[in-house]
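FYI, side chains are in, hydrogens and waters are out, and symmetry mates aren't considered; it's all heavy atoms of this structure.
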Amino acid sequence: MVPLIFLSAFPAALIIAALNDIYEFKIPNWVSIVLFLAYFAAGLGFGAGADILVEGAILACAALVAGFALFALKIVGGGDAKLLAACAPWIGFAALPAFLVYVALSGAALSIALLVFRRTPALPFYEQTPWLMRLHQRPKDIPYGVAIAAGGLLSFSQTPLFQLAFGG
């Protein structure tokens, strides 16, 4: 039962990150930290082998380097880079291609939706919801944590720990 609670940290943290990114254009550090640590707790709880845990750690390091390279190039924000690194252990090598495709497709859909949303005039009720006004008025900013979260949720059933927990 306890390992399932740790396993549920993955979708829960992704949803929190996505909502926070939409609301504030920020992903709190604690979300990425909890996500990263819960991977190892869930892995140990399900009796994952050292190979799965080491693979996760290697992927996290590689994703952190790649994420901060994207941050340095001003392609993603710092919170997005950290969220990618915290997701990487969960995804594993087997689900990585699906995850990257889902993130890219979700990012494209999000970008198109925001482009259409921002080209329409701001409606009066936007003033009652500051987060919606921010989303409308920041033409160069995209809350990419939403795309990362969507990619993670869509590929969750293909991840090593999910497979270990539910077979497959």
Output a table of donor-acceptor pairs, distance under 3.5 Å, between side-chain atoms of residues 146-158 and any protein atom two or more places apart or on a different chain; print 'none' if there are none.
residue: Ser155; atom: OG; partner: Gly151; partner atom: O; Å: 2.7

From Ile52 atom CD1 to Gln163 atom CD, the distance as rounded to the nearest 0.5 Å: 10.5 Å
Same cluster (ILVMFWY, side-chain, under 4.5 Å), Leu96 and Leu14: yes
Heavy-atom pair with the smallest gap, counting every atom of Pro160 and Glu55: CG-OE2, 4.4 Å
pair Phe36-Ile33: side-chain heavy atoms closer than 4.5 Å: no
With Leu123 via side-chain contact (heavy atoms from CB on, under 4.5 Å) - residues at least two apart: Phe125, Tyr126
Considering all heavy atoms, the nearest Pro11-Leu7 contact: CD-O, 3.4 Å
Euclidean distance, Leu83 CG relative to Leu35 CG, rounded to 0.5 Å: 6.5 Å
Trace of the side-chain hydrogen bond (donor to acceptor under 3.5 Å, both in side chains) decision for Lys26 with Asn20: CA-CA 6 Å; Lys26 292 179 186 172; Asn20 212 54; over 6 Å; no
Stepwise side chain to side chain contact (heavy atoms under 4.5 Å, CB included) test for Ile27 and Ile16: CA-CA 8 Å; Ile27 300 171; Ile16 291 168; over 6 Å; no
Nearest-0.5 Å distance, OG1 of residue Thr129 to CG of residue Leu135: 9.5 Å
From CA spacing to verdict: side chain to side chain contact (heavy atoms under 4.5 Å, CB included), Lys82, Val31: CA-CA 9 Å; Lys82 291 180 268 187; Val31 173; over 6 Å; no
Any Ile75 side-chain heavy atom under 4.5 Å of Tyr144 side chain: no
Side-chain heavy-atom pair His136, Leu132 within 4.5 angstrom cut-off: no
Atom CZ of Phe71 with >12 non-hydrogen neighbours under 6.0 angstrom: no
Axial cation check for Phe25 ring with Arg134, 6.0 Å and 45° limits: no
Identified side chain to side chain contact (heavy atoms under 4.5 Å, CB included) partner of Ile142 from the options Leu110, Asp80, Val76: Leu110
Leu100 reachable from Phe162 in the ILVMFWY side-chain graph, under 4.5 Å edges: yes
For Thr120 against Phe117, the heavy-atom pair lying closest together: OG1-O, 2.7 Å
Verify same cluster id: Tyr102, Ile91 (apolar side-chain graph, 4.5 Å): no
Closest non-hydrogen atom pair, Pro89 against Ala86: CD-O, 3.4 Å
Closest non-hydrogen atom pair between Arg138 and Glu24, with its separation: NH1-O, 4.5 Å
Shared hydrophobic cluster, Ile112 / Val103 (ILVMFWY, side-chain heavy atoms < 4.5 Å): no
Close side-chain approach of Leu53 to Leu44, heavy-atom, < 4.5 Å: yes
Value rounded to 0.5 Å, distance of CG in Leu59 from CG in Leu84: 11.5 Å
ILVMFWY network linking Leu64 to Leu37, side-chain heavy atoms under 4.5 angstrom: no
Heavy-atom closest pair, residues Asp21 and Pro143: OD2-C, 3.1 Å
Pair listing, ring pair (Phe, Tyr, Trp, His ring centres under 6.0 Å) test, anchored in residues 75-95, at least two apart: Phe10-Trp90, Tyr39-Trp90
